[in-house]
Every structure is written in C-alpha cells, then in structure tokens.
Amino acid sequence: MLEKKVGKQTSRMQNPPSINAAASIVGPKEGKGPLADYFDQAVDDEFWGENSWEKAESKFMREVLAKVTAKASLAMDALDFVIAGDLLNQCIAASFGIRESNLPFFGIYGACSTIGEAMQLGAALIEGGFAFNVACLTSSHFCSAEKQFRFPLELGSQRPPTAQWTVTGSGGLILSLEGNGPYITRITTGKIVDMGIKDQNNMGAAMAPAAADTIYAHFEDTGLPPDYYDMVVTGDLGAVGKRILDDLLSSNGIRISRLLNDCGLMIYDMKQDVHSGGSGCGCAAVVFAGFLYDRLRKGKLNRILFVPTGALLSPTSVQQGESIPCIVHAVAIESSRGGNQ
Amino acid sequence: MMRQTILQYINAFVIGGLICAAGQVLIDRTKLTAARILVLFVSLGVVLTGLGIYQGIAEVGGAGATIPLTGFGYSLAKGAFKDVDKYGLLGAFTGGIRATAAGVAAAVFFSYLAAVAFKPKAKS
Amino acid sequence: MQHVMTKDDYRKYVDKVSPDSKTLRNTLRAFFVGGLICVIGQFFMNSFRQMGFDQDVSSSLTSIVMIFLGVSLTAMNIYDDLGRFAGAGSIVPITGFANSVASPAIEYKSEGYVLGIGARMFLIAGPVLVYGISMSIIVGIIHYLIKH
C-alpha cells in the first residue's frame with residue numbers, strides 16, 4: 001500500500017515541501033501589463049543584448065536561476081537538482097541556460113504545463129528523501145516561439161481572435177525540505193487528453209478538456225469540496241478556454257466559476273492586443289513566481305490549486321494534420337503545512 | 001485625357017480591392033493559412049489566363065489586376081504563351097520565368113540586402 | 001463518473017463558443033488597403049509609360065519598385081503592422097510577396113548567411129513559385145498542343 005498515493009492520479013505530501021523563494025524576469029510587453037509590479041525585473045529589449053532570440057531566452061533562464069537561488073539565501077551548490085524546460089526544439093533554452101551552473105539537471109517537456117510538471121517532480125524528490133533543495137524553472141519567448149511554431153516576426157499576417165500571445169519571460173522556484181512555506185501539499189498528475197481539436201490558433205479550446213479532466217480527478221481523488229481552495233488558477237487557457245473549462249466543470253457538478261482564474265488572462269491587459277490572452281511555458285511560471293507567490297506569502301491567498309496547462313503539439317504534427325493532445329497538472333499550494341487533511 | 005486617367009485609378013482601386021477582399025473572406029471563413037492563399041491566387045491567375053479570362057480583367061483593372069498575386073500568375077501564363085509562339089514547346093519552360101524574372105530577382109536581391117542590414121523586432 | 005462529450009459534440013460546442021473573426025470589418029480593410037496598393041502600382045505604371053517605356057518594360061519596372069517598397073517596409077518593421085491591420089489587403093499584392101521573402105530572410109540571419117538567409121528565404125514564397133511556374137508550364141504545353 002502506497003501511503004502517499006490518494007486515488008488514481010493524486011499524491012498527498014506527508015511532509016510538504018516549502019517553496020522558499022520565487023523569482024521572475026519578463027519582457028517589455030509583460031512589463032507594461034497589470035502584474036508589472038510583481039516581477040523582479042522587466043527587460044526592455046527582447047534580444048537582451050544577445051544576437052538571437054534563442055540565446056536571449058537562455059539568458060532569461062540563467063538569470064532567473066541565479067536570482068531565485070540568491071533570494072533563497074542559498075549557495076548555488078546547495079541545490080541538489082535543477083528541473084527545467086521550455087518550448088524550443090530539444091529544450092535548448094533550458095539546457096543552454098543551465099549549462100554553466102554545474103548542477104545535476106533534469107530537462108523536461110510538458111509544453112506550457114512544464115512548470116507544474118517541474119513542481120510535481122521536485123516535490124516528489126524532496127518528499128522521497130532524494131533532495132534538500134530543488135530549483136524548478138521554465139521559460140518562453142514570444143519571438144523564438146513565433147519563429148518555431150508560426151511565422152517570421154516581420155511577416156504581415158493576421159491572427160484570429162482565438163489566438164494567444166506567447167509570454168516572454170522566465171519564472172523559477174526553490175523547493176526545500178525545510179522552510180516557512182507556502183507548501184506543496186498535494187499533486188495531481190494529468191493524463192494526455194485529446195478531444196480532436198486541430199486549430200493551432202485555438203489552443204484554449206484544445207486544452208480545456210484536459211484541464212477539466214485533471215481538476216475533476218483532483219477533487220475525486222482527494223474528496224475535498226470544490227470550494228476548498230481560494231483560487232483555482234489555470235496556466236494559459238485564455239478567455240475562450242477558461243469559458244469552456246467552466247462549462248465542462250459545471251456539467252460535472254464542480255461549480256467554481258468565481259474561483260477560476262487564468263494566468264494568461266492575468267498577465268496582460270486586454271487592451272494590449274493579445275486576443276484570447278497569454279500563453280507559453282513562461283506564462284504560468286512568471287504569474288506564479290511573481291504574483292501568486294506574493295499573495296500566498298502575504299496571506300491574501302491561503303490555498304490555491306495551481307493548474308498549468310500544456311498543448312503537446314509540434315510544427316510537424318500540425319502540418320501532418322494531427323489533432324492537439326494536451327496535458328494539465330495540478331499542484332495544491334497552501335500557506336500552512338497541516339492543511340485540512 | 002484627365003478623365004481617362006482618373007477612371008484608370010478608380011478601376012485599379014476597385015479591381016485590386018475586390019481581389020484582396022476575396023482573399024480576406026477565404027482567410028476568415030476557411031482558416032486557410034496565408035501561404036495557401038498565395039498559392040491558390042497564383043494558380044488561379046495562371047488558370048484564368050489559360051482560359052482567356054484574366055486578359056479581360058487586366059484590360060479593365062490595369063495595376064489592380066497585375067499587382068495582386070493573381071497578376072503574377074497572369075504574367076507567368078502570358079509569358080509561357082508568348083515563348084511557345086516564338087520557340088515552340090521549349091517556350092513552355094522558358095516563358096514563365098522570363099516574364100517574371102524582374103520581380104523574382106528583385107525580391108531575392110532586395111531581401112538579401114535587407115537581411116544583411118536589418119534585425120527582426122518584436123512589438124510590445 | 002465524469003461526464004465527457006464525444007469529440008464530434010465537443011467540436012460543435014467549440015465552434016459555437018469561439019468568437020468568429022470580424023469578417024465584414026476585415027474584408028473592408030482588405031479592400032481599401034489592397035485597392036490603395038494597386039493605385040500606387042498604377043501610378044508607377046503610368047509614370048514609366050510617360051517616360052516612354054513600353055507596356056512590358058513598364059510592368060517589370062513597376063514590379064521592381066513595388067517589391068523594393070515591400071522589402072523596405074518589412075525591414076523597417078512596418079509591414080507586419082500593416083498586415084495585422086489589413087490582412088489579405090497587404091498579403092495578396094506583390095508587396096506581400098516581397099514581405100514573405102524578406103521576413104524569413106531577416107528572421108533566419110541568426111542561422112547564418114548560407115543556411116539561414118540563403119536557405120530560408122523561400123520558406124513561405126517558395127510554394128508560390130513552385131505552383132506558379134509548374135502551372136505556367138502546363139498551360140504553355142496545352143497552348144502548344146492546341147496550336148499544333
């Protein structure tokens with residue numbers, strides 16, 4: 001009998017790891033958005049002094065790792081593992097950003113859900129007794145993502161209203177065995193869900209069923225009432241996807257419209273011409289590391305279910321006419337360790 | 001003379017505008033990507049010229065018919081016809097590129113220069 | 001037990017809740033910008049004719065000038081804004097063809113002058129040439145067969 005496993009997809013931490021520090025660096029557009037004050041730094045040039053978008057994205061990650069480690073008052077070599085990922089082919093932003101750090105490294109890919117995957121793996125490593133301190137980081141960059149997934153930046157193309165805007169930025173967290181919280185108390189690992197949506201410009205609709213599936217599984221596995229959390233915050237469903245998620249959850253008896261929020265809707269002002277909202281590996285990461293972490297630390301929020309959402313498509317799969325498989329992970333974060341178990 | 005010129009501009013505006021508007025309806029309604037629209041328009045230009053229809057549109061529309069990509073198809077087909085008449089079957093292979101050489105060469109050369117001199121820039 | 005829609009039902013539901021493009025607004029913009037670009041083309045055409053060039057030469061010169069304008073606006077980071085506003089109105093004219101050649105060339109400079117600029121230049125415009133030229137050969141052959 002596994003003592004930490006609850007139900008089919010969820011694990012409960014017996015000694016919940018503490019998130020001891022969070023850091024975020026964003027690009028110029030995010031730096032003009034409503035959460036500007038919560039980010040550690042906003043750079044005003046997407047190249048950030050480098051000569052390619054990819055190098056700039058690696059720099060975001062390298063700088064965030066340094067910043068978050070310093071904020072946790074740790075020496076670099078006190079980190080037992082770094083878990084990181086991004087959207088670029090072969091995850092080069094993560095591996096090139098981390099390569100000089102000389103630390104044990106897990107590179108992971110869960111598309112825009114990667115920060116959730118990293119937090120789950122990090123929490124499990126600590127809970128399992130494999131580590132004292134784990135750094136979790138992800139990044140995305142509007143320009144490198146456009147180049148890889150869509151078109152060259154200067155091409156005069158139009159986006160439909162369901163399209164989303166990739167966040168430029170990187171967010172990082174330090175998870176530790178000891179600390180004052182907030183704590184990761186439960187994790188629900190998502191399954192791949194594909195409802196046959198093929199439109200690359202409507203990722204919110206593709207991901208919403210996966211988000212509903214994971215959130216449903218979380219409440220089913222834990223037996224918690226749907227209003228247990230102060231906020232259930234998805235990664236990057238955008239306006240269209242959030243609406244669909246709300247419908248899907250309601251049809252399954254989980255009525256939490258007023259608790260639902262979405263990082264992709266929080267990071268930009270809708271006047272910033274971002275259509276359905278923000279997206280990308282960096283979206284959930286910087287909103288959590290910037291805004292949500294601050295709210296948890298200050299006691300404005302006590303329990304949240306953080307639900308980063310990912311669309312597992314590639315340019316090749318889209319060209320071959322495949323539908324978009326999606327994955328969504330849920331991480332429960334609470335300001336007190338005991339929680340209401 | 002003056003009136004004729006004004007009429008020519010109005011025709012160019014209306015015909016060119018209509019061709020572009022048709023492209024927009026296709027983009028919005030069919031979710032075809034821009035690249036597919038471009039291929040469709042060039043092919044359409046070639047076919048309509050082959051059927052003897054586009055010549056009439058070009059006659060009325062002037063630049064309104066030759067500036068859109070259907071006009072590129074029109075030049076390709078017209079060039080092929082001209083060279084076939086002149087050189088026989090070989091002309092089918094030489095005519096299209098000969099007639100559009102100026103545009104394609106200019107696009108390659110200017111783009112190369114632009115790429116050497118400029119950097120892409122994001123919008124914030 | 002979780003209630004899950006069938007894929008068909010879900011697709012229909014998504015079509016219903018996803019906002020449509022504002023086709024009327026977009027089409028009007030495409031009409032005006034596209035028409036305006038053609039008027040500029042007509043102006044150059046007439047100017048070259050007035051300088052005494054024949055129809056074919058004027059038409060080639062006009063192409064070169066329009067492509068130069070398209071590439072220049074791309075390099076100055078203006079054409080993408082135009083495209084966002086006008087859609088097909090700036091994609092369909094020959095200036096849009098120029099934009100589709102120049103934009104990947106500029107974007108992929110970071111991958112080098114040969115495999116970056118050189119190889120990627122026709123990322124988007126390549127298919128236009130492939131289909132345009134191939135169709136013109138077919139049409140040319142048919143023309144030959146009808147004549148003989």
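Lettering follows sequence order; numbering is per chain, from 1.
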Quiz prompt | Chi angles and distances behind the side-chain contact (heavy atoms from CB on, under 4.5 Å) call for C/D56, B/K82 | solution = CA-CA 12 Å; C/D56 281 354; B/K82 203 166 140 191; 3.0 Å; yes

Quiz prompt | Criterion side-chain contact (heavy atoms from CB on, under 4.5 Å) on C/Y113 and B/V116, from CA distance to verdict | solution = CA-CA 8 Å; C/Y113 285 85; B/V116 170; 3.7 Å; yes

Exercise. Might you work through the side-chain contact (heavy atoms from CB on, under 4.5 Å) test for C/V71 and B/L113, ending with a clear yes or no?
Key: CA-CA 9 Å; C/V71 171; B/L113 292 183; over 6 Å; no

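For C/A125, no part lies under 4.5 angstrom from a heavy atom of chain B. Heavy atoms closer than 4.5 Å to chain C are found in both the backbone and the side chain of B/Y9. Proximity to chain B involves both the backbone and the side chain of C/F43, based on heavy atoms less than 4.5 angstrom apart. Using a 4.5 Å cut-off between heavy atoms, B/L18 contacts chain C through both its backbone and its side chain. Residue C/L129 touches chain B through its side chain alone, counting heavy-atom pairs closer than 4.5 Å. For chain B, the nearby parts of C/I64 are the backbone and the side chain; heavy atoms of each come within less than 4.5 Å. Only the side chain of C/F97 comes within contact range of chain B, with at least one heavy atom under 4.5 Å from a heavy atom of that chain. In this structure, chain B has no heavy atom under 4.5 Å from any part of C/S90. Interface remark: C/M135 contributes backbone and side-chain atoms alike to the contact with chain B (heavy atom separation under 4.5 Å). Heavy atoms closer than 4.5 Å to chain B are found in the side chain of C/N46, but not in its backbone.
Rounding to the nearest 0.5 Å gives a distance of 11.0 Å between CG of B/L89 and NZ of C/K147. To the nearest 0.5 angstrom, C/F31 atom CZ is 5.0 Å from B/F13 atom CZ. Here B/D28 contributes atom CG and C/N26 contributes atom CG; the two are 4.5 Å apart, rounded to the nearest 0.5 Å.
The environment of C/L69 atom CG is dense: over 12 non-hydrogen atoms of other residues, nucleotides or ligands sit within 6.0 angstrom. In the displayed structure, B/R36 atom CZ is contacted under 6.0 Å by at most 12 heavy atoms of other residues, nucleotides or ligands.
In this structure, B/I67 and C/G41 approach most closely via the heavy-atom pair CD1-CA, 4.0 Å.
A side-chain donor-acceptor contact under 3.5 Å links C/K109 to the backbone of B/A115. Between the C/Q42 side chain and the B/A63 main chain, a donor and an acceptor come within less than 3.5 Å of each other.
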